[in-house]
Amino acid sequence: MSVGRWGTGLAATGVLVATGVWAMGPGADGAHGRTGVDEHLWSEVRPVIEARLVADSRGGGYGEAVPGLRARWFCRAQARDLKERVGLVRAGVSTLCLEYGVRAGALLECGGAQGPQVLRLRRDTGADGGFRVVSAQRPPDGAGYGQWVDAHFDHDADADTGDAVPTDALEAAARDDFGLPASAPVRGC
């Protein structure tokens, strides 16, 4: 292939990559959720939402039944839409919760769940994080799932966009919690 063709191919690739980055926009990179989300408000409610997800996951994993694994849940949420009105916050989120344990220097992934949720939080100065979750809704399994998502999420903030919540942060948090090095392998339970 000639140098001219290589140059044209590289230029075309650059245009495609730049177009993709532009289309995703800031905040739509899979790490922060969707564009247009109030980042300050999200930084306030995210820890409260993730703590609630962990609390709701307890008791639902295989690893918890095996004491030697010291298993616990780690959860991550991404904002899909976020609105506050009169002290009440409505957060449409994509969630990922994974149950990790540890054995022989390896991180064990024992269970998990992911999916969209809508949580409502009220400002409460007496609550951890300054907010209290007043309701949490999940779609039904099977029939009705798509209709629930359509009814609860703006089309611009669709919870089922194909962007999986990344597991990197959960793995790093679990390794840190169990005192494992960053290079510790992840295996199945």
So, do E84 and R123 sit near enough that their side-chain heavy atoms are less than 4.5 Å apart? yes
If you measure from the Lys or Arg side-chain nitrogens to the Asp or Glu carboxylate oxygens, is any gap between R90 and D81 under 4.0 Å? yes
Is R72 positioned over the aromatic face of F74, cation under 6.0 angstrom from the ring centre and no more than 45 degrees off axis? yes
Would you check if the side chain of R103 reaches a backbone N or O of L108 as a donor-acceptor pair within less than 3.5 Å? no
Side chains of L170 and W73 in contact at under 4.5 Å (non-hydrogen atoms): no
Considering only heavy atoms from C-beta outward, does the side chain of L82 approach that of L41 to under 4.5 Å? yes
Side-chain contact test, heavy atoms from C-beta onward, threshold under 4.5 Å: evaluate it for Q137 versus Q117 and give yes or no. no
Checking the side chain of E50 only, and the main-chain atoms of A77 only, is there a donor and an acceptor separated by less than 3.5 Å? yes
If hydrophobic clusters are built by linking Ile, Leu, Val, Met, Phe, Trp and Tyr wherever their side-chain heavy atoms come under 4.5 Å apart, do V66 and F178 end up in the same one? no
For R70, is there an ion pair with D177 - N to carboxylate O distance below 4.0 angstrom? no
Are any of the side-chain heavy atoms of S135 and L119 separated by less than 4.5 Å? no
N-O pairing of E99 and R58 below 4.0 Å: no
